[in-house]
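Notes follow once the structure below has been shown.
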Protein chains: 2
Amino acid sequence: MGPTIRDIAKAANVSTAAVSYVINDKPGVSEETRLKIQRIMREMNYRPNPQARGLAAKRTGMLGLMIPDITDPFYVNVVRGVEAESNQLGYTLTLCTTHGDAERERNVAGTLTSNWVDGVIMMAYKLSPSELEKLSKHKVPIVVIDNPEVAGLIPSIMVNNTALGRTATAYLVEMGHTRIGFIHGVEGSNSSAARYEGYVQALKSHGLEPDPDLVERGDFSYEHGLAAAHRLLSLPNRPTAIFAANDQMAFGVMNAATELGLSVPEDISVIGVDDIEAAALVVPGLTTMRQPTWEIGACAVQILERLINPPEDSQDSKDAQSADASKSSVIQRVFEAELVVRGSCAPPTI
Amino acid sequence: MGPTIRDIAKAANVSTAAVSYVINDKPGVSEETRLKIQRIMREMNYRPNPQARGLAAKRTGMLGLMIPDITDPFYVNVVRGVEAESNQLGYTLTLCTTHGDAERERNVAGTLTSNWVDGVIMMAYKLSPSELEKLSKHKVPIVVIDNPEVAGLIPSIMVNNTALGRTATAYLVEMGHTRIGFIHGVEGSNSSAARYEGYVQALKSHGLEPDPDLVERGDFSYEHGLAAAHRLLSLPNRPTAIFAANDQMAFGVMNAATELGLSVPEDISVIGVDDIEAAALVVPGLTTMRQPTWEIGACAVQILERLINPPEDSQDSKDAQSADASKSSVIQRVFEAELVVRGSCAPPTI
DNA sequence: ACTTCTTTCTTAATCGGTTAAGTTCTTTCT
DNA sequence: AGAAAGAACTTAACCGATTAAGAAAGAAGT
């Protein structure tokens with residue numbers, strides 16, 4: 001075991017309190033003593049025990065991060081942003097994955113919020129808004145990412161998926177396409193629905209009538225993208241472009257095209273969402289909508305930090321019971337996606 | 001704040017000790033009292049404070065995981081295995097990424113081992129063997145993944161990269177290829193060196209002489225794979241197959257081929273390592289060597305668990321000072337990679 | 001010179017658990 | 001019946017920090 005604060009105090013011939021003040025940069029210690037204590041801490045390779053600190057000071061210096069899946073590139077990139085910003089601010093991360101399982105989400109959320117982390121960032125999809133709201137009533141601040149259902153109730157960060165859908169669709173329309181297919185993500189996905197909404201809006205605003213025959217449902221997986229594309233491309237009057245709700249499915253589209261002897265982008269244009277690594281690796285490169293994942297993660301941490309350590313201008317929070325503060329405005333931040341042009345889209349040739 | 005153990009004790013009209021025994025499933029409490037306490041804990045939605053538990057019991061129920069990069073599919077998949085197994089055994093994960101920075105590795109390793117986690121899984125590349133060995137002298141058990149330099153000194157898990165290289169190369173040779181290129185990973189990479197070693201062994205054992213002109217150095221990135229492949233494929237007597245030390249570079253090879261008007265696998269066979277997601281998404285699919293990443297992660301946790309809670313047959317550890325125990329045998333586990341056949345390899349046509 | 005501040009430290013309670021040792025009360029053995 | 005053993009609890013010290021409150025000593029004010 002490493003040395004404790006008592007060992008340091010003894011070696012420096014001071015009390016543990018003095019050492020604690022030095023550790024936490026608090027006043028009340030002379031410069032001379034401070035330097036001596038710091039030297040001894042270094043010599044003995046002392047590291048304060050986070051458990052004890054947490055217990056005594058009621059802060060652990062840890063943030064909890066709850067995501068459905070660590071293999072999904074979208075989440076991973078958000079995590080990177082969270083990670084970078086946490087480090088910046090001196091927090092350590094605890095990562096929990098839920099595999100999209102409702103029970104596990106409930107479990108993890110419960111543990112995280114009931115104790116031991118200073119704040120939680122949640123990407124929760126199975127928890128109901130009311131459950132989430134109940135959790136946010138605990139002491140531990142929560143920031144929710146990409147869950148429009150609770151935006152306004154709980155501090156939230158979202159991606160403007162409708163605008164994303166509009167941008168992607170408009171790009172194709174302005175290129176000359178008039179028959180554009182859309183492949184949905186998994187049933188019940190808010191982001192997929194919003195992207196579809198944007199798709200419809202863009203078509204209408206360009207004077208095109210959405211054709212229900214050109215809309216298929218996938219589940220965000222490659223296989224479903226492939227199957228859906230097969231159906232779309234076998235249509236008597238097949239689309240000249242397809243907008244898939246994520247890149248995995250877009251790859252399915254590209255490969256379905258190849259299998260059917262169609263070439264991308266000459267015969268069929270393809271656009272996806274996410275900008276996964278593979279998008280840049282294939283030929284032609286996949287044109288896609290990139291979400292500012294890194295920024296989203298970083299922003300979540302910044303918001304959390306302000307919830308944990310509220311700025312000093314809310315002096316009378318004791319009196320106000322913070323009742324109207326929480327009522328006044330729940331933080332909400334919306335990010336926009338960006339079009340990444342590669343080689344998978346071109347004007348229609350037929 | 002949630003209720004404390006004292007609140008529960010008061011509500012159940014027992015001592016905190018009794019509650020603690022119930023929490024930890026220890027004997028000394030009657031069935032009746034046990035049920036009553038459990039009911040009250042549930043009613044009051046009680047969750048023991050991990051800080052306090054850690055402090056008192058000198059165990060935190062947390063495992064530390066140190067990886068260079070959360071975007072690299074190899075690590076991510078190891079993490080998944082670690083995650084699954086930790087959950088199984090009731091541990092919570094703390095994830096730290098180092099971005100391959102030596103200073104950050106030192107830092108993270110120091111924090112993790114000096115305190116507060118029950119065990120650490122490290123994928124450390126910049127720390128010297130002596131540094132790692134010093135760390136392993138601390139109280140906190142460490143398992144190192146994929147670092148052959150410290151195998152034998154510290155409990156380790158490795159992938160047999162030489163065998164991996166042999167298998168991949170033999171696959172190509174037995175298909176009829178005689179001129180096989182190899183693209184190295186980053187300078188100083190142990191795994192790349194071992195894969196090359198296997199490549200040479202396989203060639204020789206099939207009576208082929210390794211040709212230094214067919215060996216290029218990349219750095220595991222797509223761009224370097226592309227560049228290296230351009231050089232190899234422009235050779236007067238170009239190879240008919242290329243073995244890249246990872247999939248990203250293999251994609252570079254495939255695209256270089258396309259750019260040069262060669263088709264895969266007819267004109268040039270390509271094999272990679274890792275089986276990243278994109279490998280299955282492209283046409284033709286990338287034939288590659290899959291490492292049992294999930295199993296590696298799970299195994300690391302299992303080893304750690306046994307180091308944290310040693311099996312009960314080492315009764316006289318007090319006397320033996322565990323000196324000869326540590327000398328006798330440091331746990332070491334080697335995994336083999338597996339060939340995943342897709343469409344990127346075929347017999348040579350010239 | 002005497003009080004009143006400051007500055008610089010120390011004392012000791014506290015956070016929420018765990019656990020060795022002690023206490024009661026009941027059961028079993030001879 | 002009396003002693004020993006066991007079951008079911010309780011008491012209280014402890015883990016390693018933080019922090020409010022107090023003490024000692026020198027400086028400043030009147």
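Chain letters run A, B, ... following the sequence lines, proteins first and then strands; every chain starts at 1. As the structure is a prediction and not an experimental result, all values here were calculated from the model.
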Applying salt bridge (charged side-chain N to carboxylate O under 4.0 Å, His left out), which residue pairs with at least one partner in residues 13-25 of chain B are found, sequence neighbours left out? B:D25-B:R34
Taking only residues two or more places apart in sequence or in another chain, which ones pass side chain to side chain donor-acceptor pair (under 3.5 Å) with B:N87? none
Specify the residues of residues 35-44 of chain A, ordered by number, for which at least one heavy atom lies under 4.0 angstrom from an atom of DNA chain C. none
Qualifying salt bridge (charged side-chain N to carboxylate O under 4.0 Å, His left out) pairs, either residue in residues 140-158 of chain B, two or more places apart: none
Donor-acceptor contact present, side-chain A:E105 to main-chain A:L127, <3.5 Å: yes
By side-chain contact (heavy atoms from CB on, under 4.5 Å), B:K10 pairs with (sequence neighbours left out) none
Evaluate whether atom CD of A:Q88 has more than 12 neighbouring non-hydrogen atoms of other residues, nucleotides or ligands under 6.0 angstrom away. no
State, to 0.1 Å, how close B:C96 and B:V108 come at their nearest heavy-atom pair, and which atoms those are. CB-CG1, 3.5 Å
Going 5' to 3' through nucleotides 8-19 of chain C, assign each nucleotide B (protein heavy atom under 4.0 Å from a base atom), S (under 4.0 Å only from sugar-phosphate atoms) or - (no protein heavy atom that close). SBBBB--BBBBB
Is there a donor-acceptor pair under 3.5 Å between the side chain of B:N77 and the backbone N or O of B:W294? no
Sequence neighbours left out, what passes side chain to side chain donor-acceptor pair (under 3.5 Å) with A:N107? Give chain and number order. none
Stepwise salt bridge (charged side-chain N to carboxylate O under 4.0 Å, His left out) check, A:E103 with A:R106: CA-CA 5 Å; A:E103 196 46 50; A:R106 226 182 307 278; 3.8 Å; yes
Where the side chain of A:Q51 meets the backbone of B:G54, is there a donor-acceptor pair that is under 3.5 Å apart? no
Extract from the structure each pairing of a protein N or O with an N or O of nucleotides 26-28 of chain C at less than 3.5 Å, listing the distance.
none

Taken in chain and number order and not counting sequence neighbours, the residues that satisfy side-chain contact (heavy atoms from CB on, under 4.5 Å) with A:A18 are A:V14, A:S15, A:I37
Please list each protein N or O that sits under 3.5 Å from an N or O in nucleotides 23-26 of chain D, with the distance.
none

Would you name the heavy atoms of B:G119 and B:L304 that are closest together and state the gap between them? C-CD2, 3.8 Å
If pairs are Watson-Crick or G-U with both distances under 3.5 Å, what is the dot-bracket string of DNA chain C, marking crossing pairs with [ ] and pairs to another strand with |? ||||||||||||||||||||||||||||||
Of all the heavy-atom pairs spanning B:K36 and B:A12, show the shortest one and how long it is. NZ-O, 3.1 Å
Any residue meeting side chain to side chain donor-acceptor pair (under 3.5 Å) with B:Y75, in chain and number order, not counting sequence neighbours: none
